[in-house]
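Take a look at the structure set out below.
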Number of protein chains: 2
Amino acid sequence: MKSARRQPVGRKLVDADTSRARLLAAAATEFASHGFAGANVERIARGARLNKAMIYYHFKDKADLYREILRDMFGAVEARVTRMAASDDGPAAKIRGFVEAIALEADARPHFPPIWFREIADGGSHLDAATVSHISGILRVLAGIVQEGVAAGQFKPVSPLLVHGGIVGPLLLYFASGGLRLRMDRAGVSGASGFQRDEVVAHIQRVALGTLEGRMS
Amino acid sequence: MKSARRQPVGRKLVDADTSRARLLAAAATEFASHGFAGANVERIARGARLNKAMIYYHFKDKADLYREILRDMFGAVEARVTRMAASDDGPAAKIRGFVEAIALEADARPHFPPIWFREIADGGSHLDAATVSHISGILRVLAGIVQEGVAAGQFKPVSPLLVHGGIVGPLLLYFASGGLRLRMDRAGVSGASGFQRDEVVAHIQRVALGTLEGRMS
DNA sequence: GTCTATAAATAGATAGAC
DNA sequence: GTCTATCTATTTATAGAC
């Protein structure tokens with residue numbers, strides 16, 4: 001059980017500059033750039049200014065390290081949207097807040113959008129029970145907001161999963177495609193990288209609300 | 001130059017049951033499931049009922065095989081949207097046609113959505129000039145439709161890249177996440193896999209049009 | 001906790017027969 | 001065109017010293 005949590009309870013896991021925290025940070029970058037299979041433990045160790053053996057001191061193996069990052073990522077998103085939805089704003093403001101929450105999390109953890117895309121492509125093969133629970137919690141929060149809006153007569157009863165796709169699809173696409181857009185730009189596809197983050201978020205907020213308020217058909 | 005095209009000109013590359021076509025089909029499945037780094041040439045060969053050596057007879061190496069699949073994929077999408085946009089439908093119908101074209105291509109090439117997601121996460125590191133040109137062609141077609149609609153006074157001048165994200169993000173998310181939704185369903189997240197393809201496509205068509213017709217803010 | 005050295009396995013690529 | 005056998009490099013993971 002050497003991979004069990006060693007930090008004192010209540011202590012931030014990743015913020016502290018422990019070797020474990022540095023490994024997690026380096027691994028997040030590596031997994032985001034190369035995927036689980038393409039990630040190289042030697043590179044992760046070097047990125048953390050340590051050596052490979054330290055990875056196996058703190059984690060059971062590469063997959064264990066990866067799963068820890070997935071749990072952290074989705075746990076953070078779930079916590080953020082849950083906190084947001086606990087406010088006494090109306091449903092429309094909460095939909096905006098939901099979009100904003102995902103975007104803020106992508107700011108705080110830039111590895112989140114690419115890793116999420118890769119995990120989708122993998123069919124979720126690395127998700128453990130805790131992570132699945134976080135994801136389902138995120139969906140439940142959104143479904144609750146929609147339900148609230150419907151009850152208040154402000155929203156049409158659109159399927160929460162359709163709303164979710166309309167928010168998360170474009171949002172992750174934007175945050176995950178920074179490198180690609182730069183590349184396209186250099187290849188002469190103009191305007192691909194000239195894009196304001198806030199403008200994208202605001203657009204997605206408007207579209208999500210428009211969908212829910214039935215201004216679509 | 002042993003990887004040069006061997007098929008007679010005008011012959012379908014993938015449909016024929018040649019060893020090369022079988023390798024391409026097996027490789028597409030393998031790359032979609034495991035990504036470039038995670039793909040295994042031995043598995044690809046077995047999937048094509050051949051052996052590893054045949055891969056190196058037809059292709060220079062694993063990367064060459066992968067790039068060929070990318071070119072085929074994006075070439076097919078570009079061809080389809082270009083053909084669609086050449087019709088004399090109005091701009092609204094063409095926006096619907098654009099969404100439909102992407103969806104039809106995802107039906108025809110199920111490896112397309114996951115591979116596209118992975119390539120985004122990779123920052124487009126495997127895209128060669130031909131593939132970049134296909135992608136930029138797809139964007140140009142969409143920009144043209146938007147321009148047409150604006151000129152006809154039917155659309156607001158929304159950035160084509162925002163429209164593109166609003167279409168392609170949710171659409172790829174839906175098509176790429178079949179496996180994950182099934183997994184979530186089995187984990188007790190109800191309704192994740194109970195979804196009609198046509199209903200999703202219709203929803204995305206409505207949202208895209210709503211965006212362009214200015215029914216959002 | 002941290003390191004060096006190394007074992008062990010995987011997997012991309014090639015040689016050469018048929 | 002297709003195969004078997006093999007070479008070689010990479011890389012995950014561990015042993016064991018400090």
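Excluded from the calculations below are hydrogen atoms, water molecules and symmetry mates; all remaining heavy atoms, backbone and side chain alike, are included. In what follows, chains are A, B, ... by sequence order, proteins preceding strands, each numbered from 1.
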Quiz item: Quick one: ring pair (Phe, Tyr, Trp, His ring centres under 6.0 Å) partners of A:Y66, sequence neighbours excluded?
Solution: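 With neighbours one apart ignored, the set is A:F31, A:F36, A:H126.
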Rounded distance (Å) that lies between atom [atom2] of [N] and atom [atom1] of [X]:
X: A:Y66; N: D:dA13; atom1: OH; atom2: C1'; value: 20 Å
X: A:E30; N: D:dT11; atom1: CD; atom2: P; value: 10 Å
X: A:I44; N: D:dA13; atom1: CD1; atom2: P; value: 10 Å
X: B:M54; N: D:dT2; atom1: CE; atom2: P; value: 4 Å
X: B:R22; N: D:dC3; atom1: CZ; atom2: P; value: 8 Å
X: B:R46; N: D:dC3; atom1: CZ; atom2: P; value: 14 Å
X: A:Y57; N: D:dA15; atom1: OH; atom2: P; value: 16 Å
X: B:L23; N: D:dG1; atom1: CG; atom2: P; value: 12 Å

Self-check item: From CA spacing to verdict: salt bridge (charged side-chain N to carboxylate O under 4.0 Å, His left out), A:E30, A:K62
Solution: CA-CA 12 Å; A:E30 175 75 8; A:K62 184 177 157 182; over 6 Å; no
Quiz item: Where the side chain of B:D61 is concerned, which of C:dA13, C:dT4, C:dG1 is the nearest nucleotide?
Solution: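 Closest nucleotide to the B:D61 side chain: C:dA13.
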Pairs: protein N or O with nucleotides 8-11 of chain C N or O, under 3.5 Å:
residue, atom, partner, partner atom, Å
C:dA11, OP2, B:N40, ND2, 3.4

Quiz item: Closest heavy-atom contact between A:L50 and A:S19?
Solution: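 Distance-wise, the nearest heavy atoms are CD1-CB, 3.6 Å.
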Quiz item: Just checking A:I55: base, sugar-phosphate only, or nothing, at a heavy-atom cut-off of under 4.0 Å?
Solution: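 Answer is nothing: A:I55 stays at 4.0 Å or more from every strand.
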Quiz item: Do B:H111 and B:T29 have a side chain donor and acceptor closer than 3.5 Å?
Solution: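 Distance-only check fails for B:H111 and B:T29.
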Quiz item: Between the side chains of A:T18 and A:R22, is a donor N or O closer than 3.5 angstrom to an acceptor N or O?
Solution: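 No, A:R22 and A:T18 have no side-chain donor paired with an acceptor closer than 3.5 Å.
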Practice problem: Using atom types as modelled and distance alone, determine if a side-chain donor or acceptor of A:R118 lies under 3.5 Å from a backbone N or O of A:S33. | Solution: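 A pair under 3.5 Å: yes.
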Quiz prompt | Gap between atom CD1 of A:I145 and atom CG of A:D89 - 0.5 Å precision | solution =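 Taking CG in A:D89 and CD1 in A:I145, the distance rounds to 10.0 Å.
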Quiz item: What is the distance from atom CG of B:L161 to atom CE of A:M184, rounded to the nearest 0.5 Å?
Solution: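 Here the interatomic distance stands at 9.0 Å.
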Quiz item: Under 4.0 Å between a side-chain N/O of B:Y56 and OP1 or OP2 of C:dT14, yes or no?
Solution: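 For B:Y56, the contact criterion (side-chain N or O under 4.0 Å from OP1 or OP2 of C:dT14) is not met.
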Polar atoms only, N or O, under 3.5 Å: list the protein pairs with nucleotides 16-18 of chain C and their distances.
none

Quiz item: Are the charged groups of B:E100 and B:R96 less than 4.0 angstrom apart, N to O?
Solution: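 Answer for the salt bridge query: no.
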